Amino acid sequence: MRRRALLAAGVAGVTTAAIGRPASAGPGRRQRTVALVPLDDRPVNTYCPEMTAASAGAQVRLPPRDLLGRFFVPGDGAAVARWLTAVEGVDGYVVSVSMLAYGGLIASRTAGPTLASALENVGAIRTLRSTRPDAVIEVHDTIQRLAITSTGTDLDNYRTLLVDWAKLYDQVVNLGQEELRARLDAVRAQIPDQVVEDYLAARARNHQVNRLMVEWVADGTITHLVLSEDDTAPVGLARAERVELEALVEQLDVGDRVEIFPGADEVDALLVARVLAAGTAPTYRVQYAGVSGEEWTAQLEGIPFAENIRRHVTAVGGRVVTGDADIVLAVNTPSAAATQRAADLDAFVDSIGGLLSAGTPVIVVDPLIVNKADHELVTRMEARLDLAALLSYSGWNTGGNALGLALGHGTARWAYLRSSGSGYGVPEMRGPGLAHAEYLLYRFVKDDPWKNVVQVEAYAHARAQGWDPLALTAEQKTYFDGWVRERLVPLTERYFADHFAGHRVVLGRRGKRVFTGTLACFESARVELPWDRLFEVILEPRLRLS
């Protein structure tokens with residue numbers, strides 16, 4: 001659907017007014033701000049929360065980047081703790097315990113950080129509560145995944161074996177499946193003792209901190225807590241830890257303030273949206289492309305996807321309903337049979353188009369394929385929908401990641417449009433509308449053509465030269481910064497021209513009057529690799545409204 005000038009969700013049948021160039025927020029209204037201690041320094045944990053907030057007319061305040069570490073270099077948790085307790089004048093705090101306690105997600109999977117240092121660093125949350133008794137303090141921690149991080153060293157030889165052992169151990173020792181003991185012993189014999197000891201030490205430390213966070217919810221230190229299961233499975237040591245944590249949540253009667261679900265990288269953005277949408281209590285009706293989410297469990301997850309949706313929706317401050325709802329959550333699930341797939345996708349996309357035409361806000365979640373968009377779905381959306389009319393879209397990484405990123409962006413944007421009629425001047429609406437369009441463009445390009453085409457070519461190119469795409473040297477990283485930039489910048493510009501240019505974006509409302517801006521041109525895009533690997537990319541497009 002090229003250069004169509006349709007209105008964004010929620011504006012059918014009302015008067016519109018075009019808006020000129022973007023302007024900064026007026027001096028009379030304080031911009032809402034969320035202080036964020038991110039999971040790590042990757043774009044999903046920095047840029048995505050920033051753009052989620054920007055699309056809602058708010059900003060995210062982050063610690064200095066040099067405190068957050070990079071790849072295998074841990075962040076400075078003690079310095080981040082000092083930063084956190086010094087931040088004032090914000091509407092809420094979102095805190096990753098993985099960063100605060102250990103220096104980031106990768107560091108949390110190693111035995112290096114001690115329990116003593118972790119406890120000292122997370123004490124900043126207690127200090128924050130004591131000095132700001134009325135503050136909204138949103139906290140998230142990860143239940144450690146089964147796999148260790150690929151390091152490009154001999155330790156990688158044991159990654160698969162450790163996952164197998166962690167699953168078999170749970171099945172035999174915790175679930176009593178003695179018929180698997182011989183397999184358990186055989187796998188264990190192939191792993192050095194030190195590797196297993198380090199693995200278990202990290203898990204034990206992290207589990208103790210997980211438990212402490214639940215206790216801090218009970219005593220009022222933490223307003224609300226998410227414990228996300230990082231790349232989980234139906235069985236394994238992570239399952240056993242989750243069961244213990246669920247029992248503690250029940251024992252302390254804090255189930256209304258704690259969510260536990262598969263995911264991790266999406267939670268920063270999700271909780272930023274929760275802070276910004278506080279008090280709106282959005283409702284969501286779920287619509288599936290194929291089978292019901294009650295009948296499908298996404299890869300690397302351990303619960304039906306419908307249950308993961310309910311938990312994510314609760315975490316953002318909303319609830320799932322079966323009837324009329326504020327927002328439709330359109331979820332791409334597999335078809336019951338391969339022969340039905342084309343028809344299911346056609347009907348799914350046509351239904352989304354009907355919802356948009358009727359003025360219904362729609363979030364599209366694409367969790368079907370791990371680590372990338374379902375290209376068959378996206379091509380249909382490109383051909384039949386006004387992509388700029390969506391509240392949000394994501395198909396990135398695991399099912400929970402895709403769900404949370406789309407839900408956070410869409411909810412924050414919906415809450416902003418809902419309140420745009422009170423207190424916002426028209427010039428103030430332009431920045432959030434532009435940020436919303438830029439983030440939508442980012443998501444579609446990054447999740448489909450980057451993941452399905454450019455990244456595949458980059459991996460092949462690296463391997464053809466004998467390079468490891470997940471462990472580049474500094475020189476190789478510099479080379480691929482240029483290689484990726486040469487391909488992704490013009491690709492993003494073409495994507496904008498084909499699917500966004502000339503389309504209108506809703507900026508805000510005054511009663512029945514809706515103000516819109518037209519997406520005029522692509523100005524630039526920042527592109528580089530955030531870490532010394534080809535797994536993810538920094539892509540920051542800049543657009544202009546007319």
Side-chain angles (χ1 to χ4, degrees), residues 38-40 42-45 48-49 52 96 98 104-106 108-109 140-150 159-160 163 166-167 226-239 241-242 259-271 286 288-290 293 296-313 315-316 329 331-334 363-375 377-378 392-410 443 446-448 450-452 455 470 531 533 535-537:
L39 188 61
D40 56 35
R42 288 172 299 151
V44 67
N45 296 308
C48 292
T52 295
S96 163
S98 295
L105 182 61
I106 285 182
S108 75
R109 299 170 183 161
H140 67 103
D141 200 0
T142 53
I143 299 173
Q144 186 177 335
R145 75 178 190 179
L146 297 179
I148 58 175
T149 300
S150 176
R159 290 182 78 237
T160 300
V163 171
K167 290 179 178 179
V226 168
L227 295 174
S228 59
E229 299 176 87
D230 184 17
D231 294 359
T232 188
V235 295
L237 292 179
R239 182 210 64 83
E241 291 161 0
R242 185 198 74 230
E259 281 86 48
I260 303 175
F261 53 66
D265 287 320
E266 79 279 14
V267 182
D268 283 322
L270 189 72
L271 292 183
V286 184
Y288 297 106
W296 178 67
T297 298
Q299 191 176 344
L300 299 177
E301 298 188 357
I303 59 175
F305 201 69
E307 180 58 29
N308 204 8
I309 290 172
R310 285 189 285 269
R311 296 182 189 186
H312 274 78
V313 164
V316 84
L329 207 57
V331 182
N332 183 24
T333 51
I363 292 172
V364 178
V365 182
D366 189 5
L368 186 62
I369 307 171
V370 169
N371 200 33
K372 60 184 181 181
D374 178 359
H375 183 65
L377 168 63
V378 174
S392 60
Y393 164 83
S394 180
W396 187 77
N397 214 19
T398 68
N401 294 159
L403 169 61
L405 290 171
L407 188 61
H409 176 201
R443 284 259 62 99
K446 187 170 183 287
D447 296 353
D448 188 21
W450 159 252
K451 281 293 185 180
N452 281 307
Q455 187 189 65
L470 296 179
W531 287 357
R533 64 184 189 179
F535 183 77
E536 64 267 295
V537 69

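The shown structure was predicted, so the numbers you read here are calculated from the model rather than taken from an experiment. Along the sequence shown, the residues carry numbers beginning at 1.
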Trace of the side-chain contact (heavy atoms from CB on, under 4.5 Å) decision for Glu536 with Val44: CA-CA 9 Å; Glu536 64 267 295; Val44 67; over 6 Å; no
[X] side, atom [atom1]; [Y] side, atom [atom2] - distance, nearest 0.5 Å:
| X | Y | atom1 | atom2 | value |
| --- | --- | --- | --- | --- |
| Leu227 | Ile260 | CG | CD1 | 5.0 Å |
| Ser96 | Leu105 | OG | CG | 8.0 Å |
| Asp230 | Gln144 | CG | CD | 8.5 Å |
| Ile303 | Arg311 | CD1 | CZ | 4.0 Å |
| Gln299 | Asp231 | CD | CG | 9.5 Å |
| Thr52 | Glu266 | OG1 | CD | 11.5 Å |

With heavy-atom distances below 4.5 Å as the criterion, would you say the side chains of [X] and [Y] are in contact?
| X | Y | result |
| --- | --- | --- |
| Glu301 | Asn308 | yes |
| Asp268 | His140 | yes |
| Asn371 | Lys451 | yes |
| Lys167 | Pro234 | no |
| Val286 | Val331 | yes |
| Leu405 | Cys48 | yes |
| Leu270 | Leu407 | yes |
| Pro367 | Leu403 | no |

Listed by chain and number, what are the ring-ring contact (aromatic ring centres under 6.0 Å, His included) partners of His312, not counting sequence neighbours?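 ring-ring contact (aromatic ring centres under 6.0 Å, His included) list for His312, sorted by chain: Phe261.
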Has [X] got a side-chain atom pairing as donor or acceptor with [Y]'s backbone, closer than 3.5 angstrom?
| X | Y | value |
| --- | --- | --- |
| Ser392 | Ala406 | yes |
| Glu307 | Phe305 | no |
| Arg145 | Ala147 | yes |
| Ser228 | Thr142 | no |
| Asp40 | Ile106 | no |
| Glu229 | Ala238 | no |

So, for [X] and [Y], which heavy atoms are closest and what is the spacing to 0.1 Å?
| X | Y | value |
| --- | --- | --- |
| Gly290 | Thr333 | N-OG1, 3.0 Å |
| Ala402 | Ser394 | O-CB, 3.4 Å |
| Ile363 | Gly410 | CD1-CA, 3.7 Å |
| Ala166 | Leu146 | CB-CD2, 4.0 Å |

Could you walk me through whether Asp448 and His375 pass the side-chain contact (heavy atoms from CB on, under 4.5 Å) test, one step at a time? CA-CA 6 Å; Asp448 188 21; His375 183 65; 3.0 Å; yes
Return the orientation label for the Trp396 and Phe535 ring planes: parallel under 30°, perpendicular over 60°, tilted otherwise.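 The rings of Trp396 and Phe535 stand perpendicular, inter-plane angle above 60°.
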For Asp366 and Val378, run side-chain contact (heavy atoms from CB on, under 4.5 Å): C-alpha distance rounded to whole Å, both residues' side-chain angles, the deciding distance at 0.1 Å, then the answer. CA-CA 9 Å; Asp366 189 5; Val378 174; 4.3 Å; yes
I would like to know whether Asn45 and Asp265 meet side-chain contact (heavy atoms from CB on, under 4.5 Å); could you show each step before the answer? CA-CA 6 Å; Asn45 296 308; Asp265 287 320; 3.6 Å; yes
Set of side chain to side chain donor-acceptor pair (under 3.5 Å) partners for Thr149, sequence neighbours left out: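 Side chain to side chain donor-acceptor pair (under 3.5 Å) check on Thr149 returns Arg109.
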side-chain contact (heavy atoms from CB on, under 4.5 Å) with Ile369: which residues, sequence neighbours excluded?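 side-chain contact (heavy atoms from CB on, under 4.5 Å) check on Ile369 returns Lys372, Asp374.
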